[in-house]
Protein chains: 2
Amino acid sequence: MRTYDQYCSVARALDVIGDRWTLLIVRELLIRGPSRYTDLQYGLPGIATNLLADRLRELEDHGVIAREAAPPPVATTLFRLTPRGESLKGVLEALGQWGRPLMVGPSGDAEFRSHWLIFPLQLHLSDHEPDLPPAVVEIRTGEQPMLLEIGGSVRVRPGTVRNPDATVTGTPSLILGLFTGALELAAARARGLVFDGDEDLVRRVQPLAVAAG
Amino acid sequence: MRTYDQYCSVARALDVIGDRWTLLIVRELLIRGPSRYTDLQYGLPGIATNLLADRLRELEDHGVIAREAAPPPVATTLFRLTPRGESLKGVLEALGQWGRPLMVGPSGDAEFRSHWLIFPLQLHLSDHEPDLPPAVVEIRTGEQPMLLEIGGSVRVRPGTVRNPDATVTGTPSLILGLFTGALELAAARARGLVFDGDEDLVRRVQPLAVAAG
DNA sequence: CAGCATCCGCTTTGATACTG
DNA sequence: CAGTATCAAAGCGGATGCTG
C-alpha cells in the first residue's frame, strides 16, 4: 500500500495493516496459532495466492509475523505472529465488536469456516457458575465440529468428544444468536436450531447483560 | 470495496470501513465533529477529491455518517458521524495505540496537522492532582496552536490563551514524546524543545505508569 | 467558493496457470 | 507445500471542469 505519509499513529498503523486481506491474515494467525501457507489459504477463502505471498512478506518485513521452519518430521514452513503481531488482538477485537450488528441476518451464500466462531464466542462468553462441574457443548456448524469447554472459564476449540453435555446443530447465524443472547433458545429452535442436552449451559455462559435481562 | 463475502464479523466490518481513506475520514470526524467537505480535505492531505466524495457517499449508505444542511447563515453541508459511526472510536483507539511505536522517529517530511494531536493526547493524559488549581498549557507545533486544559480532567483543543501557565514549542514528535513520557524534559530540550513555565504540569498529566517509573 | 463529476494514466488486486 | 508468473479488471491519484 502506498503510505499515507501522515505523522499520525492511526495513519501509520494503517500503512502497515491497512492493505486488503492483511488484517484477515492476522485474524487467522490469532485464532489458529502458527499456521502453514495452505492452512492460511483455507481460512481465507477468496484470497489470491500471489496476494497471500505478498502480504506475508510485507508482514514479515514489518515485524508482525515471523517465518519458522517446523522441526522434522513435518519439515514445512510455519507462519506465526511475533509479540508485536499478537498485540493486534485489541484491534481485531474492536473491529469484530463493531462488526457484530452486521452478522444479524443469515449468512446467505457467504463463505464460512467453523473456527471463525472461536474469536467471537471466546470474547463474549464466560462461566458464571464456576463451582458447577465442568461441561462440554459440541457445536456442529460449518465443516468441522467445535467444542465449548466450560469449567471456570470458557474455551472454544475444534474437536469432538464422546458424550457432550449438550450438542447444538444449526447455521452459524443461529449458533451466534443463541450464545450471544440475541435469540432465545425457543426462537432459535423455531428457526431450525437443534439443541440436545443440558439447556442451562447456555445461560451459564451467555454474556451477563443478556442473562440478567 | 469488493466484499470479502465471509460470514465473520471482522470481515464484515472491513467490508464497510476497510477501504483506503475510510478510517481516516472517521478519524477527522471524531476529532473535529461535524465538518464541511473542504475541512475534511484539509485534514486529509493527499486524498483525491473524487475519492473523498465516493467515501462520504459509501459511509452515508452504510449509516456511519449523515449529511446535514447547516442552518443559515452558514448554509453549507455538514458531515457528521451517526451514533453507529461514533462507536468506531474504539477501533480508532486500538489502531492509534498499536501505531504509537511507529511514531518514535522524527516526523520527517510527513504531513502533519495540529489537531491530530488531540486524539492521542486526550487518550493518554489525565489530571493526577485534580485538587490543584486549573491550568492551561499552550502547545505550538504545526499550523495552529493547541490548548491543553487541565482541571480535574484534561481537554485538548485548538486555540490560544492570554497567559498560559506553560508553553511548549517544538516538533510534533518532541511534543508527543514529552507528554507520553517517552522523552524526559531535559532530553526533549536537548533535541530542540522549548518549554516555558510550570514544568510540574507535565508530570501532572503524564500517563501514570510513566510518572511512577 | 463548496461540493462534487469526469477523464486518464498508473498501481493494486484477482484469477488462473505453472514450478521447485 | 509454498510459492512464481502472467494478464485482465478494478481501484486509486492527479488534473481539470462543472454547477449552485
Side-chain angles (χ1 to χ4, degrees), chain A residues 1-6 11 14-25 28-29 32-62 65-80 110-111, chain B residues 1-6 11 14-25 28-29 32-62 65-80 110-111:
Chain A
M1 169 180 279
R2 229 178 126 154
T3 173
Y4 287 110
D5 203 33
Q6 296 184 359
L14 290 174
D15 282 342
V16 176
I17 47 80
D19 269 319
R20 188 159 163 78
W21 290 108
T22 302
L23 276 179
L24 294 185
I25 293 172
E28 287 300 303
L29 292 171
R32 311 171 59 126
S35 308
R36 294 177 303 174
Y37 190 90
T38 40
D39 294 333
L40 290 174
Q41 269 189 308
Y42 174 77
L44 296 163
I47 198 174
T49 175
N50 58 342
L51 274 192
L52 179 53
D54 284 355
R55 294 293 179 268
L56 288 172
R57 211 183 344 254
E58 292 163 11
L59 285 171
E60 196 182 2
D61 291 346
H62 285 112
I65 68 170
R67 211 172 284 249
E68 173 185 316
V74 196
T76 181
T77 313
L78 286 181
F79 299 88
R80 66 155 67 240
E111 297 275 355
Chain B
M1 168 181 276
R2 237 181 116 160
T3 173
Y4 287 109
D5 202 32
Q6 295 184 0
L14 290 174
D15 282 341
V16 176
I17 48 79
D19 269 319
R20 188 158 164 77
W21 292 108
T22 302
L23 276 179
L24 295 186
I25 293 173
E28 287 301 303
L29 292 172
R32 312 172 58 125
S35 309
R36 292 179 305 172
Y37 190 89
T38 40
D39 294 333
L40 291 174
Q41 270 190 306
Y42 175 77
L44 296 163
I47 197 173
T49 174
N50 57 343
L51 273 192
L52 179 54
D54 284 356
R55 295 290 180 269
L56 288 173
R57 202 166 327 115
E58 292 163 9
L59 285 172
E60 197 183 0
D61 291 346
H62 284 113
I65 68 171
R67 210 172 283 252
E68 173 185 316
V74 198
T76 181
T77 314
L78 287 181
F79 299 88
R80 66 154 68 241
E111 297 276 355

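Chain identifiers are assigned alphabetically (A, B, ...) following the order of the sequence lines, protein sequences preceding nucleic acid strands; residue numbering begins at 1 within each chain.
Projected onto DNA chain C by closest heavy-atom contact, A:Arg2 and A:Asn50 fall at different nucleotides, the more 5' of which corresponds to A:Arg2.
Taking 4.5 Å as the limit, every side-chain heavy atom of A:Thr77 sits out of range of all side-chain heavy atoms of A:Tyr37. Inter-residue side-chain proximity for A:Leu29 and A:Leu40 is flagged as met; some heavy-atom pair is nearer than 4.5 Å. Between A:Leu51 and A:Arg20, the closest side-chain pair of non-hydrogen atoms is not below 4.5 Å.
If you check D:dT4, C:dG14, C:dG3 against the side chain of A:Leu51, the one that comes closest is C:dG14. The B:Arg57 side chain lies nearest to C:dC4 when the options are D:dG3, C:dG14, C:dC4.
Between B:Leu44 atom CG and D:dG14 atom C1' the separation is 16 Å, expressed in whole Å. Rounded to whole Å, atom C1' of C:dG3 lies 13 Å from atom CG of B:Leu78. The interatomic distance linking B:Trp21 (CH2) with C:dT12 (P) rounds to 14 Å, in whole Å. In this structure, CD of B:Glu68 is placed 16 Å from C1' of C:dG3, rounded to the nearest angstrom. Per the geometry, CE belonging to A:Met1 stands 16 Å off C1' belonging to C:dC10, to the nearest Å. Atom CG of B:Asp19 and atom C1' of D:dG13 are 15 Å apart (whole Å). In this structure, CZ of B:Arg36 is placed 13 Å from P of C:dC4, rounded to the nearest angstrom. Following rounding to the nearest Å, B:Ile47 (CD1) and D:dA15 (C1') show an atom-to-atom distance of 16 Å.
Proximity of B:Arg67 to the phosphate of C:dC4: a side-chain N or O atom is located under 4.0 Å from OP1 or OP2. The side chain of B:Arg55 places no N or O atom within less than 4.0 Å of a non-bridging phosphate oxygen (OP1 or OP2) of C:dG3. Residue A:Arg20 places at least one side-chain N or O under 4.0 Å from the OP1 or OP2 atom of C:dG14.
Below 30°, between 30° and 60°, or above 60°: for B:Tyr4 and A:Trp21 the angle between ring planes is above 60°, a perpendicular geometry.
Across all strands shown, B:Ala53 has heavy atoms under 4.0 Å from sugar-phosphate atoms exclusively, and none from any base.
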Check step by step if salt bridge (Lys or Arg N to Asp or Glu O under 4.0 Å) holds for A:Arg57 and A:Glu60.
CA-CA 5 Å; A:Arg57 211 183 344 254; A:Glu60 196 182 2; over 6 Å; no
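Side chain A:Thr49 to base D:dG3: a donor-acceptor pair is found below 3.5 Å.
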